[in-house]
**Q** 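One structure, pasted below without further comment.
Just so you know, ligand 1 is whichever comes first in the structure, and atom 1 is the first atom listed for that ligand. Because the structure is predicted, anything quoted here is derived from the model rather than measured.
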Amino acid sequence: MQQQNFDLHCHSNVSDGVLPPADLVARAADCGVTVLALTDHDDVAGLPAAQLAAQTLGLRLINGVEISVTWGTHTLHVLGLDIDPESAELVAGLTMIRAGRGERAIKMAEQLAKVGIPDSLAGAYQYAGNKNSIGRMHFARYMVEQGVAKDVRSIFKRFLVKGKPGYVPHQWADLAQAVGWIRASGGRAILAHPGRYPMGDGKMQELLLLFKACGGEGIEVVTGSHTVEHYAQFARLAKKFDLLSSRGSDFHAPDEGYRDLGRLPQLPDICTPVWHDWTV
Ligand code: AMP
Ligand code: MN
Ligand code: MN
Ligand code: MN
């Protein structure tokens, strides 16, 4: 049997990736991915075009989404895998959380203007394939174009993260809500890139317990922003809390750092993959 290459986390220009869904799927096929989940932020609008492309190219496309969540002072991301994109409950939930993005963008632009970066609202919108999904990445790309810094990573560090001049706090979905929408649509809820949340081990374990109690079923272990140490740490935590493990690049764009589609190590042997009971 052919060795499968699962990439269960990536973005198209429906959210803050740069490639249209069909081009993203074509790139995944070129990179050797055999099972791909498209997981745009808070939106499922790219899935029909991605499914069509996947059929043509002979790879399996899993319907996915990445939901933004506010948990206390933390912003978390929860992946929904194998969701039904037409689920009324999910669609209503996603529409609700996307609604705040426009207002937030206006405030971000006002703050950036005060530190000498004018016209960023119009600039950011030029980079947004989907005007409803305007977000920090679109601002970052515009600011790189303007020569404010050399790459998006430096822009985030200097302007767009907590405590920096272009950062606007925002209230996203709550954890139980997001997991509930995913489950209502028949999907599996997976905590995305846990290694990126600024919290100690005790708080992380508290989060995993709560996530499980809400109906969460797994965590990302191997993902673009994780280090080798994270792979081991979260494989252990997945085992300890009896959670499934996932693997995904979190690809957004060629040449923006991180990993290309499917170009990741395999899950550690102690993990039970989120796909263990899928027929692919
Ligand atoms: P938003 O949903 O508008 O708050 O944007 C969040 C997105 O910004 C994430 O999904 C990443 O694509 C990107 N992002 C967040 N933090 C960073 C960072 N430190 N460096 C690069 N990109 C980041
Ligand atoms: Mn993103
Ligand atoms: Mn994320
Ligand atoms: Mn992502």
**Q** Give a yes/no verdict on a cation-pi contact between Arg247 and Tyr231, requiring under 6.0 Å between NZ or CZ and the six-membered ring centre and an angle within 45° of the axis.
**A** no
**Q** Please give the atom name: the N, O or S atom of His77 nearest to the Mn ion (ligand 3).
**A** ND1
**Q** How long is the gap from CH2 on Trp181 to CE on Met96, to the nearest 0.5 Å?
**A** 4.0 Å
**Q** Under the 3.5 angstrom rule, does the side chain of Thr223 hit a backbone N or O of His226 as a donor-acceptor pair?
**A** no
**Q** Look at the aromatic rings of Trp278 and Phe6 and report parallel, tilted or perpendicular, splitting at 30° and 60°.
**A** tilted
**Q** Write none if no such pair exists; otherwise list each N/O atom of ligand 1 with its protein N/O partner under 3.5 Å and the distance.
**A**
residue: ligand 1; atom: 2 (O); partner: Arg101; partner atom: NH1; Å: 3.4
residue: ligand 1; atom: 2 (O); partner: Arg101; partner atom: NH2; Å: 3.0
residue: ligand 1; atom: 3 (O); partner: Arg101; partner atom: NH1; Å: 3.1
residue: ligand 1; atom: 3 (O); partner: Arg104; partner atom: NH2; Å: 2.4
residue: ligand 1; atom: 3 (O); partner: Arg136; partner atom: N; Å: 2.9
residue: ligand 1; atom: 4 (O); partner: Arg104; partner atom: NH1; Å: 3.1
residue: ligand 1; atom: 4 (O); partner: Arg104; partner atom: NH2; Å: 3.4
residue: ligand 1; atom: 4 (O); partner: Arg136; partner atom: NE; Å: 2.8
residue: ligand 1; atom: 4 (O); partner: Arg136; partner atom: NH2; Å: 3.2
residue: ligand 1; atom: 10 (O); partner: His41; partner atom: NE2; Å: 2.8
residue: ligand 1; atom: 12 (O); partner: Asp16; partner atom: OD2; Å: 3.2
residue: ligand 1; atom: 12 (O); partner: His252; partner atom: NE2; Å: 2.9

**Q** Look at the N, O or S atoms of His9, main chain and side chain alike, and state whether any lies under 2.8 Å from the Mn ion (ligand 3).
**A** no
**Q** Give a yes or no on whether Glu86 atom CD has more than 12 heavy-atom contacts from other residues, nucleotides or ligands under 6.0 Å away.
**A** no
**Q** Would you say the side-chain atoms of Arg183 pair up with the backbone N or O of Ala178, donor to acceptor, closer than 3.5 Å?
**A** no
**Q** Are Arg188 and Asp277 side-chain neighbours, meaning at least one heavy-atom pair lies under 4.5 Å?
**A** yes
**Q** Does atom NZ of Lys150 have more than 12 heavy-atom neighbours, drawn from other residues, nucleotides or ligands, at distances under 6.0 Å?
**A** no
**Q** For Asp174, is there any backbone N or O sitting under 3.5 Å from a side-chain donor or acceptor partner on Gln177?
**A** yes
**Q** Look up atom CZ in Arg101 and atom CZ in Arg136, then write down how far apart they are to the nearest 0.5 Å.
**A** 9.0 Å
**Q** Restricting to under 2.8 Å, identify the protein N, O or S atoms around the Mn ion (ligand 2) as residue plus atom.
**A** Asp16 OD1, Asp16 OD2, His41 NE2, His252 NE2
